[in-house]
Amino acid sequence: MSEILVVVDHIGGAVRKTTAELLTCARRLGEPSAVYFGAEDGLIPGQLARYGATKVYVLDDDAYRDCLVAPKAEALAHLVATRRPAAVLIPSTLEGKEVAARLSIKTDSGLVTDASDIVRGEDGAVETAKPVFGGAFTTTVSITKGTPIVTLKPNSLTPPENAGATVPIEVETVDVAVSDAAKAARIIRRESRADLGRPDLAHASIVVSGGRGTGGDFDAVEAFADCLGAAVGASRAAVDAGWYPHALQVGQTGVTVTPQLYVASGISGAIQHIAGMRSSRTVVAVNKDPDAPIFGLADFGVVGDLTSVLVQATTEIDSRRASGA
Ligand SMILES: Cc1cc2nc3c(=O)[nH]c(=O)nc-3n(C[C@H](O)[C@H](O)[C@H](O)COP(=O)(O)OP(=O)(O)OC[C@H]3O[C@@H](n4cnc5c(N)ncnc54)[C@H](O)[C@@H]3O)c2cc1C
């Protein structure tokens with residue numbers, strides 16, 4: 001069966017859900033092999049085998065940690081040239097998309113970024129679902145040139161648990177002589193994002209977002225989120241106004257979320273915002289305008305001032321918790 005390379009998205013060896021999604025797609029195309037950039041002692045192969053990886057290539061070199069994306073693109077081009085995989089699947093992170101673009105140039109191959117699904121088409125080509133126009137349409141795009149390269153948006157599918165191989169996973173260390181040119185841009189400092197004690201937005205099961213309707217005051221949004229153990233998101237209008245960091249923007253040019261519950265407060269429901277949260281299980285909207293487009297998508301809507309509504313909801317939830325109700 002043809003080999004499919006999957007670039008592992010991990011933090012210090014802890015594999016993120018995106019990798020499980022990519023491995024699930026890879027199994028539809030052939031035999032998944034994981035590509036792990038990092039020290040082998042941090043790798044837990046079982047995390048990859050559980051979702052179908054039969055092999056893992058470990059690439060451990062200071063260049064992958066200390067430089068920007070070029071060394072990873074070079075290493076992947078080496079794997080494409082020597083292993084001749086049938087496709088390369090990469091997470092749609094900012095880094096992943098730049099690595100993919102460089103790999104596409106190096107291998108003269110077709111690339112689709114921000115796909116929401118990957119399958120084998122009837123003609124045998126790698127076929128992707130690619131949302132366009134802010135998610136209003138989904139196009140079907142086949143890659144017919146070179147080694148197909150696809151980046152998959154996080155939270156595109158629910159990977160089945162324990163669907164993978166039960167045989168031991170093969171681990172192979174790969175040494176690539178990274179060129180000096182690829183090491184030209186070096187990372188000189190890293191700063192961790194402040195830990196706000198809230199769940200990661202992309203993976204949270206409850207998200208409470210605020211928009212321009214907050215007027216820049218996110219206190220009620222944050223208090224409501226904290227009483228639910230939720231992540232906080234923001235619309236682009238709130239981010240552009242400097243009220244909230246871009247890393248927490250939900251939408252077409254921000255994070256895609258698929259929580260069980262999404263609460264949109266003071267958000268009108270522009271198509272570019274909906275593109276990042278339309279797959280939420282239940283949507284609650286709080287807006288003072290009864291004609292706001294967000295109510296067209298919401299399962300439950302409250303017409304009113306968001307501060308008043310969220311503060312009342314927070315107080316009620318807190319008091320029920322306190323009384324054990
Ligand atoms: C290429 C492109 C990409 C984009 N990407 C994104 C993206 O990733 N994410 C994104 O969000 N947007 C994105 N946008 C912007 C998008 O088009 C909208 O402009 C933006 O989503 C509007 O944000 P908003 O809903 O907070 O503001 P508005 O549209 O101004 O809506 C504010 C809402 O708050 C309500 N409101 C006001 N006061 C209160 C109150 N006190 N209580 C309750 N409700 C109140 C109003 O009735 C209104 O419905 C993009 C646009 C473009 C062109």
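Just follow the structure's listing: the first ligand is 1, and inside any ligand the first atom is 1. Quick caveat: nothing in here was measured; it's all calculated off a predicted structure.
- Every protein residue with a heavy atom nearer than 4.0 Å to ligand 1 is included here: Gly211, Arg212, Gly213, Ser235, Arg236, Ala237, Gln249, Val250, Gly251, Gln252, Thr253, Gly254, Gly266, Ile267, Ser268, Ala270, Gln272, His273, Asn287, Lys288, Asp289, Gly304, Asp305, Leu306.
- Between the side chains of Ser33 and Glu3, at least one donor-acceptor pair of N or O atoms lies under 3.5 Å.
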Worked verdict on Asp299 versus Thr282 for side-chain hydrogen bond (donor to acceptor under 3.5 Å, both in side chains)
CA-CA 6 Å; Asp299 300 285; Thr282 301; 4.7 Å; no
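- Salt-bridge check for Glu191 with Arg189: passed, with a basic side-chain N closer than 4.0 Å to an acidic carboxylate O.
- Taking the six-membered ring for Trp and thresholds of 30 and 60 degrees, Phe37 and Tyr64 have ring planes more than 60 degrees apart, a perpendicular arrangement.
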Please determine whether side-chain hydrogen bond (donor to acceptor under 3.5 Å, both in side chains) holds for the pair Thr253 and Gln272, giving the CA-CA distance in whole Å, both sets of side-chain angles, and the decisive distance to 0.1 Å.
CA-CA 8 Å; Thr253 43; Gln272 296 90 352; over 6 Å; no
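- Residues Arg28 and Asp117 are paired through a salt bridge, judged by an N-O separation under 4.0 Å between the basic side chain and the carboxylate.
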